[in-house]
Amino acid sequence: MTEIITADGIRSEVRPWLVENWDPDLPLVEWRKLLVASGWAVPSWPQRWHGRGLPAWSDDVVGDEIRAAGAAGLPLGSGAWLAGPTILEHGSDPLRERLLRPILTGEETWCQLFSEPGAGSDLAGLTTRAELDGDEWVVNGQKVWNTSAHHADFGMLVARTDWDAPKHRGLTYFALPMRQVGVEARPLRQMNDHSSFNEVFMTDARIPRDLVVGKVGDGWTVALTTLAYERRFGAMGRPQFSRGSGRALDEAREEAAEHFATYAWYPQRAGRVDLVVDRARESGRADDPVVRQAIAKLLSMHRASGWTADRARAARALGRPPGAEGSIGKLALSEVARQAAHVHTMLAGSDGMLTGPASLLGGTVAEILVSVPAQSIAGGTDEIQRNILGEKVLGLPREPTSDRDTPFRDLPRSG
Ligand SMILES: Cc1cc2nc3c(=O)[nH]c(=O)nc-3n(C[C@H](O)[C@H](O)[C@H](O)COP(=O)(O)OP(=O)(O)OC[C@H]3O[C@@H](n4cnc5c(N)ncnc54)[C@H](O)[C@@H]3O)c2cc1C
């Protein structure tokens with residue numbers, strides 16, 4: 001007889017486990033090792049790979065229980081969010097053995113090394129090269145806009161390994177050890193004065209031969225998996241450690257503070273819809289019909305985009321692979337952010353350009369205005385999301401291209 005798995009059934013198993021095992025005085029890594037060994041860290045992963053083989057929705061149910069118990073959960077960042085699921089899906093068993101556990105315990109952190117100065121939207125046009133030399137790959141090239149690369153242990157690196165294959169077929173996906181002399185991450189300063197991403201220069205950087213995710217030459221397929229998980233990202237929640245003290249919680253709070261220092265401007269990037277109604281009242285413009293109309297439009301778009309996010313969550317709960325909701329949701333977030341910036345500008349006028357403690361909301365309004373453009377770029381631009389929807393969802397003809405079958409070496413390239 002098939003056992004029916006319910007959320008209540010899962011709760012009734014994980015709660016007593018937490019009561020028995022959660023010990024805030026443990027070092028954070030030791031606690032996470034227990035969590036991973038129990039299969040409750042990512043219950044939807046296969047039993048062999050630190051999970052319990054439960055449905056995808058069980059991750060959320062268990063995550064809520066861990067928070068409710070006041071315990072520390074999975075580490076934040078692109079390791080557990082992007083690298084882990086990609087390695088689980090495409091990695092060989094020895095690679096999973098080597099890389100997955102330290103991702104889940106937080107002992108090894110990750111960054112994404114995809115974009116290059118000449119290859120962003122046209123990611124498959126990248127020119128960072130990796131060549132096999134005995135038991136190592138030797139990497140030369142430059143990446144850019146790499147969030148958190150300055151403190152990551154590993155990079156999800158896509159590099160060209162075959163220049164005679166067409167552009168999408170000569171790529172390979174690597175796990176690049178970041179802490180070596182051949183890798184230099186230089187922080188970039190953004191127009192909102194934050195510094196969350198880097199240029200990364202690789203000069204004869206070394207990768208052990210077997211740190212290839214998927215097959216050599218099949219990096220494009222693997223990269224698409226990472227990008228699909230990235231589009232699912234949506235809102236970045238803050239972990240709740242409101243109550244309790246102890247070593248594990250202190251270390252988890254420290255880890256979260258470091259993580260969120262990088263992302264401190266992301267709420268502003270999303271437009272800060274939460275501030276709009278109060279700002280309208282404070283500025284005395286809440287009765288202005290034009291302002292009211294713009295706010296009503298914004299709040300309606302925001303609500304509808306929340307429903308799209310709910311649909312994406314429901315699809316995930318049903319175990320469906322990332323689908324069209326990712327691109328639609330990402331586009332919706334861009335539209336909401338732009339409309340929010342428009343409303344903030346209507347309300348603030350030229351004061352919105354002022355920064356510093358004496359300016360509107362201590363400079364938050366100005367930060368919104370210069371951060372919102374990033375929403376339409378990160379993780380694939382709006383135009384690229386529209387191309388994906390047109391081709392993959394609506395079945396429209398592909399964009400005409402002349403470069404899909406030509407050896408990459410023979411393609412005209414800038415620089
Ligand atoms: C906040 C943030 C975080 C990021 N983090 C990372 C990271 O961690 N790792 C990483 O590797 N990258 C990261 N990126 C980089 C991001 O992925 C790229 O910026 C993005 O893919 C766009 O590439 P590009 O900047 O080279 O723009 P381009 O590709 O040069 O695009 C320029 C313009 O041309 C348009 N365009 C290009 N091609 C087409 C087309 N075929 N059809 C229609 N319009 C087109 C684009 O929509 C855009 O408007 C990050 C970016 C941001 C803003």
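Source: prediction; values computed, not measured. When a ligand or atom number is given, it counts from 1 through the structure's own listing order. Sequence positions, counted from 1, serve as the residue numbers for this chain.
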protein heavy-atom neighbour closest to atom 19 (O) of ligand 1 works out as I377 CG2, 3.3 Å
State whether any protein heavy atom lies less than 4.0 Å from atom 35 (C) of ligand 1. no
Return yes if a side-chain donor-acceptor contact under 3.5 Å exists between S38 and W17, otherwise no. no
With a 4.0 Å cut-off on heavy atoms, is E116 touching ligand 1? no
Let's go through I368 and L361 carefully: what are the C-alpha distance in whole Å and the side-chain angles of both, what is the deciding distance for side chain to side chain contact (heavy atoms under 4.5 Å, CB included) to 0.1 Å, and is it a yes or a no? CA-CA 11 Å; I368 293 168; L361 302 182; over 6 Å; no
Backbone N/O of G73 and side chain of R32: donor-acceptor pair under 3.5 Å: yes
Which atoms of ligand 1 have any heavy atom of N387 under 4.0 Å away? 40 (C), 41 (N), 42 (N)
Given the protein's heavy atoms, is any one of them under 4.0 Å from atom 30 (O) of ligand 1? no
I'd like to check atom 49 (O) of ligand 1 in this structure: does the protein have a heavy atom lying under 4.0 Å from it? yes
Nearest heavy atom to atom 15 (C) of ligand 1: which of S115, S196, G155, S376 does it belong to? S115
Judged by atom type as modelled, is there a donor-acceptor pair below 3.5 Å linking the side chain of W137 to the main-chain atoms of E131? no
Closest heavy-atom approach to atom 25 (O) of ligand 1 among W110, Y266, W145, F197 is made by W145
R269 heavy atoms within 4.0 Å reach ligand 1 at atoms 1 (C)
Atom 38 (N) of ligand 1 has as its nearest protein heavy atom S121 CB, 3.6 Å
Any heavy atom of D382 under 4.0 Å from ligand 1? The part involved is neither
Please state which protein non-hydrogen atom is closest to atom 39 (C) of ligand 1 and give its distance, to 0.1 Å? I384 CD1, 3.8 Å
Closest approach of any protein heavy atom to atom 44 (N) of ligand 1, naming residue and atom: E383 CB, 3.3 Å
Can the ring centres of H50 and W45 be said to be less than 6.0 Å apart? no
Under 4.0 Å from atom 13 (C) of ligand 1, can you find at least one protein heavy atom? yes
For F114, counting its heavy atoms only, list the atoms of ligand 1 lying under 4.0 Å from any of them. 11 (O)
Give the atoms of ligand 1, by number and element, whose distance to some non-hydrogen atom of W265 is under 4.0 Å. 1 (C)
In plain terms, say whether E108 and R98 are close enough for a salt bridge, that is, a side-chain N and a carboxylate O under 4.0 Å apart. yes
Before you tell me yes or no, could you show the steps for R206 and D133 under side chain to side chain contact (heavy atoms under 4.5 Å, CB included), namely the whole-Å CA-CA distance, both residues' side-chain angles and the distance that decides it to 0.1 Å? CA-CA 9 Å; R206 303 269 157 173; D133 175 20; 3.5 Å; yes
If we ignore angles and hydrogens, is there a donor and acceptor under 3.5 Å between the side chains of R338 and S376? yes
Step by step, would you call D405 with R169 a salt bridge (charged side-chain N to carboxylate O under 4.0 Å, His left out)? CA-CA 9 Å; D405 298 316; R169 280 182 253 151; 3.6 Å; yes
For T381, is at least one N or O under 3.5 Å away from an N or O on ligand 1? yes
heavy-atom search around atom 9 (N) of ligand 1 in the protein gives Q112 O, 2.9 Å
So is E399 touching ligand 1 or not, going by heavy atoms under 4.0 Å? yes
Between E116 (side chain only) and T128 (backbone N and O only), is there a donor and an acceptor less than 3.5 Å apart? yes
As an exercise, identify every atom of ligand 1 less than 4.0 angstrom from a heavy atom of N146. 7 (C), 8 (O), 9 (N), 10 (C), 11 (O)
Numbered atoms and elements of ligand 1 in range of G120, under 4.0 angstrom, heavy atoms: 21 (O), 23 (O), 24 (P), 26 (O), 29 (O)
Any non-hydrogen side-chain atom of S305 less than 4.5 Å from a side-chain atom of M301? no
Let me know which of T225, D218, T221, T226 forms a side-chain hydrogen bond (donor to acceptor under 3.5 Å, both in side chains) with Y173. T226
Let me confirm one number: the CZ-CG distance from R96 to L99, rounded to the nearest 0.5 Å. 11.5 Å
The protein heavy atom nearest to atom 51 (C) of ligand 1 is A378 CA, 3.8 Å
Starting from atom 8 (O) of ligand 1, find the nearest protein heavy-atom neighbour and note its residue, name and distance. T147 N, 3.0 Å
Quick one: does ligand 1 sit under 4.0 Å from the side chain of K143, the backbone, both or neither, non-hydrogen atoms only? neither
Tell me, with the steps shown, if N387 and E399 meet side-chain hydrogen bond (donor to acceptor under 3.5 Å, both in side chains). CA-CA 8 Å; N387 282 347; E399 257 192 296; 3.2 Å; yes
